[in-house]
Visitor: 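Following this message is one structure expressed as structure tokens.
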Amino acid sequence: MRVVMFGFQTWGHRTLQALLASEHEVVLVVTHPRGEGAYEKVWSDSVEDLARENGVDVLVRERPEDQELLDALKAAEPDVIVACNWRTWIPPQVFALPKHGTLNVHDSLLPKYAGFSPLIWALLNDEKEVGVTAHMMDDTLDAGDIVLQRSVPVGPRDTTAVLFEKTLELFGPITVDGLAEIASGRTDFTKQDRSQASFFHKRAEEDLRIDFTWTAEELDRLVRAQCAPYPSAFCFHRGRRLEIIEADVSSAVYGGTPGRIFYREGDGVAIVAGAEARRGRSKALLVKKVRTADGVELEAHEYFKNMGGYLTSRP
């Protein structure tokens with residue numbers, strides 16, 4: 001089939017690699033302009049460069065809404081569009097243009113975790129598996145019929161960075177396999193159960209703030225979800241911002257007031273956590289490594305010279 005691809009960053013790069021190695025003909029690539037955002041510098045594999053190296057025409061757009069782009073799409077005569085990590089709305093006059101429509105590849109097990117940062121939200125919510133969905137695009141974001149879905153397990157100490165690597169390996173194969181399903185003439189793809197759908201917003205500063213009334217298990221997942229290269233979860237100590245960059249759940253139960261800097265356990269320091277902590281029913285967040293407001297990383301035993309006092313959500 002003749003394929004136009006809309007894609008960006010490492011996800012799009014891996015997908016385009018797979019398309020170029022497949023039986024399909026990539027006739028046009030549309031990608032976003034290079035940006036200066038932190039994530040764009042980390043997952044910076046260039047879709048534009050890969051396309052040009054392989055002699056594929058490229059258009060660079062922030063939004064796919066102008067007449068020049070629409071004319072180029074019509075001239076390319078695609079059988080299908082593939083979209084992968086395209087970060088702005090694709091209008092119906094674009095996604096419905098090819099006879100086989102548009103195959104979108106999204107890094108969650110739809111209908112759950114539509115929208116933004118699905119791996120972070122899934123880890124926070126203690127999901128046992130994450131994955132990738134190839135689905136047909138329609139008017140509602142991430143809601144179209146499912147062509148294929150692939151999943152990987154979430155390990156007990158996995159971080160979002162680990163889950164990124166696991167799911168990244170799925171993007172190319174699921175795209176090529178999804179196109180094979182479309183090329184076979186199938187149209188009876190799986191309808192999403194909208195009663196099970198969830199749509200998540202972008203992560204922001206407030207989402208990183210530690211609330212010690214959360215259980216230690218929840219806070220441990222927050223720290224692992226916000227691992228490097230993502231911005232770290234943070235709290236305050238003596239009025240100054242303190243990022244928690246490595247933690248675990250304590251072995252012992254520690255009762256008292258959430259946020260209390262309580263006890264050295266192993267290679268960490270136990271911070272009382274959980275709404276039920278005062279009843280002696282909760283384990284503590286075992287902080288192992290921190291980053292101070294001036295950017296210095298320290299082991300917990302180096303930073304917490306004395307026990308006592310509190311970590312708080314606000315200065």
Side-chain angles (χ1 to χ4, degrees), residues 1-26 29-31 43 45 47 50-51 54 56 78-87 90 95 98 100-123 127-138 140-155 158 160-193 196-198 200:
M1 291 192 296
R2 292 172 62 82
V3 178
V4 168
M5 182 185 155
F6 283 68
F8 191 51
Q9 290 181 277
T10 298
W11 299 265
H13 186 275
R14 291 290 183 89
T15 302
L16 180 57
Q17 279 183 323
L19 288 171
L20 291 168
S22 75
E23 63 183 8
H24 305 291
E25 180 185 5
V26 182
V29 164
V30 186
T31 189
W43 297 300
D45 298 294
V47 170
L50 180 60
N54 285 272
V56 180
D79 296 306
V80 66
I81 291 174
V82 168
C84 177
N85 195 40
W86 186 263
R87 64 187 185 185
I90 298 178
F95 73 69
H100 292 300
T102 293
L103 182 73
N104 185 53
V105 186
H106 177 71
D107 51 345
S108 83
L109 297 174
L110 295 173
K112 294 182 178 180
Y113 299 100
F116 301 92
S117 306
L119 294 179
I120 292 179
W121 290 112
L123 182 53
E127 299 290 353
K128 302 309 179 187
E129 62 178 8
V130 293
V132 174
T133 302
H135 70 96
M136 302 309 299
M137 187 174 286
D138 64 12
T140 303
L141 184 62
D142 295 333
D145 294 355
I146 295 172
V147 178
L148 286 175
Q149 228 170 35
R150 304 263 166 83
S151 64
V152 292
V154 178
D158 278 355
T160 305
V162 170
L163 297 181
F164 165 76
E165 294 296 338
K166 287 183 179 182
T167 55
L168 182 62
E169 297 301 317
L170 303 177
F171 272 79
I174 201 173
T175 301
V176 174
D177 292 347
L179 290 181
E181 293 292 319
I182 294 170
S184 73
R186 273 197 63 197
T187 57
D188 59 334
F189 301 124
T190 304
K191 299 287 184 185
Q192 292 193 36
D193 180 356
Q196 298 299 310
S198 55
F200 284 82

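Excluded from the calculations below are hydrogen atoms, water molecules and symmetry mates; all remaining heavy atoms, backbone and side chain alike, are included.
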Visitor: Does the Asp138 side chain pair with the main chain of Thr140, one donor and one acceptor, at a distance under 3.5 Å?
Guide: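 It does hold such a pair.
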Visitor: Tell me, yes or no, whether the heavy-atom count around Lys166 atom NZ, taken from other residues, nucleotides or ligands under 6.0 Å, exceeds 12.
Guide: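 Yes.
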Visitor: For Thr102 and Val82, indicate whether the former's side chain and the latter's backbone hold a donor-acceptor pair under 3.5 Å.
Guide: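 No, because the side chain of Thr102 does not come within donor-acceptor range (under 3.5 Å) of the backbone of Val82.
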Visitor: Using every non-hydrogen atom in the two residues, find where Asp158 and Pro153 come nearest and quote the distance to one decimal.
Guide: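 Where Asp158 meets Pro153 most closely, the heavy atoms are OD2-O, 4.0 Å.
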Visitor: Run the salt bridge (charged side-chain N to carboxylate O under 4.0 Å, His left out) check on Arg2 and Asp79 step by step: do they pass?
Guide: CA-CA 5 Å; Arg2 292 172 62 82; Asp79 296 306; 5.6 Å; no
Visitor: Can Val4 and Val29 be said to form a side-chain contact (heavy atoms from CB on, under 4.5 Å), step by step?
Guide: CA-CA 6 Å; Val4 168; Val29 164; over 6 Å; no
Visitor: Kindly indicate whether the side chain of Leu103, heavy atoms from C-beta on, has any atom under 4.5 Å from the side chain of Leu179.
Guide: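 Result yes, sub-4.5 Å side-chain heavy-atom pair found.
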Visitor: About how many Å separate CZ of Phe8 and CG of Asp45, when rounded to the nearest 0.5 Å?
Guide: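 One finds 11.0 Å between CG of Asp45 and CZ of Phe8.
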Visitor: If you take the centroid of each ring, where Trp contributes its six-membered ring, are Trp121 and Phe200 closer together than 6.0 Å?
Guide: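 That pair passes the under 6.0 Å test.
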Visitor: Taking C-beta and beyond as the side chain, do Ile146 and Gln192 meet within less than 4.5 Å on heavy atoms?
Guide: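 Result yes, sub-4.5 Å side-chain heavy-atom pair found.
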Visitor: Would you say the side-chain atoms of Glu129 pair up with the backbone N or O of Val154, donor to acceptor, closer than 3.5 Å?
Guide: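 Not at all, since once roles are kept as given, no pair shorter than 3.5 Å links the two residues.
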Visitor: Is Met5 close to Ile81 at the side-chain level, that is, under 4.5 Å between some pair of heavy atoms?
Guide: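 With C-beta onward as the side chain, the pair stays apart.
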Visitor: Under 3.5 Å, is there a donor on one side chain and an acceptor on the other for Asn104 and His135?
Guide: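 A pair is found: one side chain offers a donor N or O, the other an acceptor, under 3.5 Å apart.
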Visitor: Might you work through the side-chain contact (heavy atoms from CB on, under 4.5 Å) test for Thr175 and Leu19, ending with a clear yes or no?
Guide: CA-CA 8 Å; Thr175 301; Leu19 288 171; 4.0 Å; yes
Visitor: Does Leu50 offer a backbone N or O that forms a donor-acceptor pair with the side chain of Gln17 under 3.5 Å?
Guide: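 Answer holds: no.
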Visitor: Write down the atom of Val47, the atom of His13, and the distance for their closest heavy-atom approach.
Guide: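 Nearest pair, atom of Val47 first, then His13: CG2-N, 3.4 Å.
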Visitor: Tell me the closest heavy-atom pair linking Pro111 and Gln196, and the distance in Å.
Guide: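 Heavy atoms of Pro111 and Gln196 come nearest at CG-CB, 3.9 Å.
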Visitor: Once rounded to the nearest 0.5 Å, what's the spacing between atom CD1 of Ile182 and atom NE2 of His24?
Guide: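 Here the interatomic distance stands at 8.5 Å.
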Visitor: How close do Arg150 and Leu170 get, counting heavy atoms only, and between which atoms?
Guide: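 Looking at all heavy atoms of both residues, the closest pair is O-CD1, 3.8 Å.
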Visitor: Looking only at heavy atoms, what is the nearest atom pair of Ala83 and Met137, with distance?
Guide: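 Heavy atoms of Ala83 and Met137 come nearest at CB-CE, 4.1 Å.
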Visitor: Kindly indicate whether the side chain of Ile120, heavy atoms from C-beta on, has any atom under 4.5 Å from the side chain of Leu123.
Guide: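 No; the side chains remain at least 4.5 Å from each other.
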Visitor: Mark yes or no for whether Asp107, through its side chain, and Val132, through its backbone, hold a donor-acceptor pair below 3.5 Å.
Guide: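 Between the backbone of Val132 and the side chain of Asp107 there is no qualifying donor-acceptor contact (under 3.5 Å).
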Visitor: Between atom CG of Leu163 and atom CG of Leu119, what is the distance when rounded to the nearest 0.5 Å?
Guide: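 If I round to the nearest 0.5 Å, the distance is 6.0 Å.
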Visitor: Could you walk me through whether Asp193 and Lys191 pass the salt bridge (charged side-chain N to carboxylate O under 4.0 Å, His left out) check?
Guide: CA-CA 6 Å; Asp193 180 356; Lys191 299 287 184 185; over 6 Å; no
Visitor: For His106 and Ser108, test the side chains for any donor-to-acceptor distance below 3.5 angstrom and give the result as yes or no.
Guide: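 Yes, Ser108 and His106 have a side-chain donor paired with an acceptor closer than 3.5 Å.
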Visitor: Given Leu109 and Tyr113, is the side-chain contact (heavy atoms from CB on, under 4.5 Å) satisfied, shown in steps?
Guide: CA-CA 7 Å; Leu109 297 174; Tyr113 299 100; over 6 Å; no
Visitor: Would you mind reporting whether Phe171 and Cys84 have side-chain heavy atoms less than 4.5 Å apart?
Guide: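 The answer is yes, as the side chains (C-beta and beyond) meet within the 4.5 Å cut-off.
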Visitor: Which atom pair, heavy atoms only, marks the closest approach of Trp86 to Val30?
Guide: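 Taking every non-hydrogen atom into account, CZ3-O, 3.5 Å.
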Visitor: side-chain contact (heavy atoms from CB on, under 4.5 Å), that's the test. Do His100 and Met1 meet it? Break it down for me.
Guide: CA-CA 10 Å; His100 292 300; Met1 291 192 296; 3.7 Å; yes
Visitor: Answer with yes or no after comparing the ring centroid distance for Trp11 and Phe164 against a 6.0 Å cut-off, counting only values under it.
Guide: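 Between Phe164 and Trp11, which both carry aromatic rings, the centre distance is below 6.0 Å.
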Visitor: Can you find a pair of side-chain heavy atoms, one from Asp145 and one from Thr190, that are under 4.5 Å apart?
Guide: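 No - every pair of side-chain heavy atoms lies 4.5 Å or more apart.
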Visitor: Any side-chain to backbone donor/acceptor pair from Thr31 onto Gly7? Under 3.5 Å, distance only.
Guide: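 Present.
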